[in-house]
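Read the structure below first, then the notes.
Here is the naming used below: chain letters follow the sequence lines, and residue numbers restart at 1 for every chain.
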Amino acid sequence: MIALLDCNNFYVSCERLFNPKLINRPVVVLSNNDGCIISRSNEAKRMGIKMGEPVFKVKHILRKGKVIVLSSNYSIYGDISNRIMNILKDSLSDVEIYSIDEAFFSLRGVNDRQKKCIYLADKILKWTGIPVSIGIAKTKTLAKIANRVVKKKKEYSRLKFNYKNVLEVKKDNDLEYILNNTNVQDVWGVGKKLSIFLNQNNIKNAQELKQCDENFIREKKGVVLQRTVLELRGVKCNYIETSLPIKKSICVSRSFGRKLYYYRDIRSALIVFVQKATSKMRKYNLFCRVITVFLKTSKYEKEVYSNSKTYTLIEPTIDIRLIWKIADDLLRNIFKDSFLYSKVGIILSDFYDKKNIQKSLIDYKSISETKEIKLMKTIDNINDRFGYGKIRLSSDNNQNFFSNSIVRNRKSPSWQMKTKYCSPCYTTRWCDIPKVKV
DNA sequence: TCTGGGGTCCTAGGACCC
DNA sequence: TCTGGGGTCCTAGGACCC
């Protein structure tokens, strides 16, 4: 049997840990750039605020309901997430960290599965303060559904719930009842497009999807959806992945705090993203061969433009100077005057381990300890010790960006994200650690 | 005024090979 | 009249996830 653990309203729950004023009040957390609502407290959900909704569309509800609005603070969420995952790993052998707030784990060999899960949920609540829900079933897809049922008990009023936050579906007729009362678009792996297709073919709920002709699904929509159908029938197609997957691409990109018109402004944003992407790549000890830069206007803009260019090197590289030079060229290639741009980004891909690098036949030199590698290591060491951005590529417009954590009043570069309502980094920055008066 | 970021996987089609 | 069979690799685009 497989269990899925999911933290309840995760970002809001994290914020509440350090700010008790948020408890029992409607709270929402916003996406980067304060654009959309991506986490809601139960109080906010009850007011009809939807997941993913742009803030400006629900301004009136937020104001009227005195909803507390927060920018997202990923250093807190990441840190709390690590603590929760470590608790799981301490008492289980097969844990797959599926996302920042979700984990699958195997319950093979466990006698009383619900008891074990209740114990884990209690421990997580006690040790971290985060409430969680756990669903248990034969496959990942069914565990996802069971988990959803725990969180939406009201929609399944005929079920008997023995526990507040854990559910194992044991009886066949219970499962049938659950699947009959779960819309097809709420099944894991069925998104907007597929649910439209399924509805048109008279498949409206999970039970109907389970019983439909899998060959028809395979032929029309491919193997992924076919697997979903099989998983609904209790046939395992997706297994628990305990080892970290090998990275296939690294992307760093942000929407600008305001629309940008000038090339030099966009360039000064890109140079920062390139540095983030390359330092991330070096953390994984990887070399990349393919570099992509993309640039776009908002899709809601009157004059829409979006373009990307890719460059493939002969030899994989780790050198930020080379990567930046190429990225800069690519940007110059796709930039066009007279658009109001909202976003630029870099994608590094086609990764190689140091040992598996195919050298150029023509321009051969030994890779093992070249100057580039030594230089990059030195940069990383200095930045680790003295703070990110102490050594970086130069760009005239970014002088204040890297010192902004200390001096907040200086003018920040024009592309920087909006984070108007950000809470302190309570657990990851020395000066933000909460003070307690006794 | 205002609409996130970072990923993965699959498929179809084209180009090419012998 | 009549034009093979079997395959790989690459890319773009579409779908999904949180």
Using the side-chain heavy atoms of [X], tell me which of these nucleotides is nearest: [options].
X: C251(A); options: dA15(C), dG6(B), dT3(B); answer: dG6(B)
X: K193(A); options: dA15(C), dC18(C), dG5(B); answer: dA15(C)
X: D101(A); options: dT3(B), dC18(C), dG6(B); answer: dC18(C)
X: K259(A); options: dG6(B), dC18(C), dT3(B); answer: dT3(B)
X: Y98(A); options: dG4(B), dT3(B), dC17(C); answer: dC17(C)
X: K144(A); options: dG5(B), dC17(C), dA15(C); answer: dC17(C)

Is the distance from OP1 or OP2 of [N] to the nearest side-chain N or O of [X] less than 4.0 Å?
X: S255(A); N: dG5(B); answer: yes
X: S249(A); N: dT8(B); answer: yes
X: K192(A); N: dC17(C); answer: no
X: K140(A); N: dC17(C); answer: no

Just how far, in rounded Å, is [atom2] of [N] from [atom1] of [X]?
X: I100(A); N: dG5(B); atom1: CD1; atom2: C1'; value: 12 Å
X: D186(A); N: dC16(C); atom1: CG; atom2: C1'; value: 15 Å
X: L62(A); N: dC2(B); atom1: CG; atom2: P; value: 18 Å
X: F294(A); N: dG7(B); atom1: CZ; atom2: P; value: 10 Å
X: L244(A); N: dT8(B); atom1: CG; atom2: P; value: 12 Å
X: E96(A); N: dG7(B); atom1: CD; atom2: C1'; value: 14 Å
X: M85(A); N: dC18(C); atom1: CE; atom2: P; value: 13 Å
X: L286(A); N: dG7(B); atom1: CG; atom2: P; value: 12 Å

With sugar-phosphate meaning primed atoms plus P, OP1 and OP2, does [X] contact a base, only sugar-phosphate, or nothing at under 4.0 Å between heavy atoms?
X: E102(A); value: sugar-phosphate
X: K420(A); value: nothing
X: R254(A); value: sugar-phosphate
X: I250(A); value: sugar-phosphate
X: K299(A); value: nothing
X: L225(A); value: nothing
X: K343(A); value: sugar-phosphate

Task: Sequence neighbours excluded, every pair satisfying ring-ring contact (aromatic ring centres under 6.0 Å, His included) that has a member inside residues 245-268 of chain A - done: Y263(A)-F335(A)
Open item on the list: By nearest heavy atom, map V252(A) and K418(A) onto DNA chain B; which one lands nearer the 5' end?
Closed with: K418(A)
Open item on the list: Let me spell it out: for each of V55(A) and K280(A), pick the nucleotide of DNA chain B with the closest heavy atom. Which residue's pick is nearer the 5' end?
Closed with: V55(A)
Task: Identified side chain to side chain contact (heavy atoms under 4.5 Å, CB included) partner of L120(A) from the options V132(A), L92(A), L5(A) - done: L92(A)
Are [X] and [Y] linked by a side-chain donor-acceptor pair shorter than 3.5 Å?
X: T428(A); Y: D79(A); result: no
X: N73(A); Y: S71(A); result: no
X: Y77(A); Y: E15(A); result: yes
X: S133(A); Y: N147(A); result: no
X: N201(A); Y: K220(A); result: no

Open item on the list: Defining pairs by Watson-Crick or G-U wobble geometry with both distances under 3.5 Å, how would you list the stems of DNA chain C with at least three pairs each?
Closed with: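 If one scans DNA chain C for consecutive Watson-Crick or G-U pairs, the stems found are B:5-18 with C:5-18.
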Looking at [Y] and [X], is any side-chain nitrogen of the basic one under 4.0 Å from a carboxylate oxygen of the acidic one?
X: D6(A); Y: K151(A); result: yes
X: K144(A); Y: E102(A); result: yes
X: D380(A); Y: K377(A); result: no

TODO: Answer yes or no as to whether dT3(B) has its base stacked against Y300(A), where stacking requires a ring-centre separation under 5.5 angstrom and planes under 30 degrees apart.
DONE: yes
Task: Close side-chain approach of E303(A) to T297(A), heavy-atom, < 4.5 Å - done: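 The answer is no, as the side chains (C-beta and beyond) never meet within the 4.5 Å cut-off.
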Open item on the list: For F216(A), is the CZ atom crowded, meaning more than 12 foreign heavy atoms sit under 6.0 Å from it?
Closed with: yes
Find every protein N or O atom lying less than 3.5 Å from an N or O atom of nucleotides 9-13 of chain B, and list the pairs.
residue	atom	partner	partner atom	Å
dC9(B)	OP1	K248(A)	NZ	3.4
dC9(B)	OP2	K248(A)	NZ	2.5
dC10(B)	OP1	R227(A)	NH1	3.2
dC10(B)	OP1	R227(A)	NH2	3.4
dT11(B)	OP1	V223(A)	N	3.3

